[in-house]
Amino acid sequence: MSLVQPVDNVALLPGYLAAGTAVLVLLVDLLVARRAVTVAVAALGAAGTAAGAALVGAAGERRTFCVGADCSWVWGGRAALVAVVIALLTLGVLAISGPLLRAGRTPAGEYCFLLACAMTGGVVLGAAGDLITLLVALETLTLPLYVLVGLRRASLAGAEAAVTFFVVSVVATSVTLLGAALLYAVTGSLHLDRLGGTLAARDDLRDLPLTTVAVALVVAGLAFKVAAVPFHAWAPATYDGAPLPVAAYLSTASKLGGVVALLAVVQRALPAGVTGPVLAVLAALTMTVGNLVALRQRRTVRLLAWSSVAQAGYVLAPLGALALAAGRTADARAGAYAAAVAYAVFFVLLELAAFAAVVALRPADGDGGTLADLRGAARRHPWVGGAFALALIGLAGLPPGLAGLFAKVTVVRSLLAGHAGWLALVVALNAVLGLAYYLRVAATLYAPSGGVAVARPARTVAIALGVATAVAVVIGFAPQLVLDVAAR
């Protein structure tokens, strides 16, 4: 077999654009040293990455770095969707970072460079065809966030958040790497499709205790990344201690990356008979614990963090249908995978809008404050308050937040198709439970004034909030587009 591999540079174009953005930001910051120019270059790079990913994805599936039928880079519809969403989330976070950067305590060059590096990891992650590429991409997405979380240098909460996030992420990565090493020891392969084919064809390998341990370690390590219960404790403290735009990125792009990584190994590599029951239990625990604890929160970002934990349960729920034989048919599996990706996309758009609204309603370089600080905010800032309320209602799954409504319907439909009616009931009960705190926050926004008054929101924050809300509304009226792309 020839060791010289042809390289498809067109397939690699989105990765080139993302990595080139990071390098260009460094050079511009070094040579020009102007905050506005540095941020503009990062924003243009993110927009260019999204456009490039969409164009390459529209041309059909492309593969490169292949040995025989096994490829380390597979660029298809889902990879393009993930890359476009990650790049647009980066662009949105850059837009809502204006007040933080103008406050002068955060270096714009380093901030934009780290965001661009994280974006590069997210773009590569969607196309990963083997465990090494997958884990390196996931860590490239995560590593810059260690620094970004601790950028509030004078804040003890920020330092604690950075250390907590670093320690937990290192442990999660170590656990995942150990599981991947054991899988390689069992099968002799690292390519996802080859792993899945080997385990499907060899009953003797599936029955080995070593295989069960390897699968459990990989699933547990990736469950840390999506903050699934019982691997969730780091999320609330980390979100609350990080700067608000960084918390938004953690809750959206980072979580989407974890979902994509977990979905890749579950769909293509690991035996469904082992992962299905584990994911069903994780989903039920995650959504229930997240919603119950969110009911008691009084700090805005902590409430959004626990809400994010609960939403991770909804994302994992369709994969729980794999626990039953009826959920492992070709149609049921395709529906479950598409539902998980689609729900994650709907969720991150609404979550970005919610965080953008918090940034708009809080002082520059401040934290998220308490719910009492938001009292009457919609009366003082009607458009921002309305967008915030719409995002909350969408996360709750109520009309007119049609994106959130269709997302939950998609999850329930996939569970019923897989005959996992009990898990669909758990999703429905938790959706009702979540109404209590989402509607409480929305009601607080329109209560008689009494919160902290802030100046008019920055223009870039208002634009980002408006665009995120508009995109969520448009997708809510055409959810099948996301489902079709997610199923490819």
Side-chain angles (χ1 to χ4, degrees), residues 36 39-40 42-51 54 84-102 115 119 243-249 251-253 256 300-301 304 307 345-364 366 368 374 376-396 398-407 438 441-442 444-446 451 453-479 481-482:
V39 175
L44 288 174
T49 300
V84 169
V85 173
I86 290 285
L88 292 180
L89 288 173
T90 305
L91 184 60
V93 168
L94 281 169
I96 67 175
S97 300
L100 176 69
L101 297 177
R102 278 194 296 272
L115 275 181
M119 177 180 69
L244 283 174
V246 178
Y249 203 75
S251 184
T252 55
L256 178 61
T300 306
V301 173
L304 290 175
S307 158
V345 171
F346 289 134
F347 158 69
V348 297
L349 289 173
L350 293 167
E351 189 81 350
L352 179 64
F355 269 99
V358 174
V359 172
L361 295 173
R362 294 293 298 159
L374 298 177
R379 295 171 179 259
R380 298 188 296 274
H381 303 286
W383 290 106
V384 175
F388 195 6
L390 183 63
L392 292 170
I393 291 170
L395 289 170
L398 288 178
L402 294 181
L405 174 63
F406 283 126
Y438 286 123
V441 178
T444 300
L445 292 171
Y446 287 93
V454 295
R456 182 185 296 274
R459 180 178 299 177
T460 56
V461 177
I463 292 173
L465 176 58
V467 171
T469 305
V471 171
V473 170
V474 170
I475 289 181
F477 283 101
L481 293 176
V482 178

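Note that the structure is predicted; figures quoted are calculated from it, not measured. What you see below is based on every heavy atom in this structure, not just the backbone, and it leaves out hydrogens, waters and symmetry mates.
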Show me, pair by pair, the donor-acceptor contacts under 3.5 angstrom made by side chains of residues 89-98, not counting sequence neighbours?
unit_1: Thr90; atom_1: OG1; unit_2: Ile86; atom_2: O; d: 2.9
unit_1: Thr90; atom_1: OG1; unit_2: Tyr249; atom_2: OH; d: 3.0
unit_1: Ser97; atom_1: OG; unit_2: Val93; atom_2: O; d: 2.5
unit_1: Ser97; atom_1: OG; unit_2: Tyr111; atom_2: OH; d: 2.6

When rounded to the nearest 0.5 angstrom, what is the spacing between CZ in Arg362 and CG in Leu244?
-> 8.0 Å
Val471 versus Val467: any side-chain heavy-atom pair under 4.5 Å?
-> yes
Say you draw a straight line from CG of Leu349 to CG of Leu256; how long is it, rounded to the nearest 0.5 Å?
-> 9.5 Å
Heavy-atom closest pair (Phe355 atom, Ala247 atom, distance to 0.1 Å) is CE2-CB, 3.8 Å
Search all heavy atoms of Leu392 against all heavy atoms of Ala442 and return the closest pair with its distance.
-> CD1-N, 3.9 Å
When rounded to the nearest 0.5 angstrom, what is the spacing between CG in Leu405 and CG in Leu395?
-> 12.5 Å
In Å, rounded to the nearest 0.5 Å, how long is the span from CG of Leu352 to CG of Leu88?
-> 10.0 Å
For residues Val84 and Ala54, report the shortest heavy-atom separation together with the two atoms involved.
-> CG2-N, 3.8 Å
Within-4.5 Å side-chain heavy-atom neighbours: Leu465 and Phe388 = no
Shortest non-hydrogen pair, Val461 vs Ala360, comes out as CG1-CB, 3.7 Å
Are side-chain heavy atoms of Ser251 and Leu304 found at a separation under 4.5 Å?
-> no
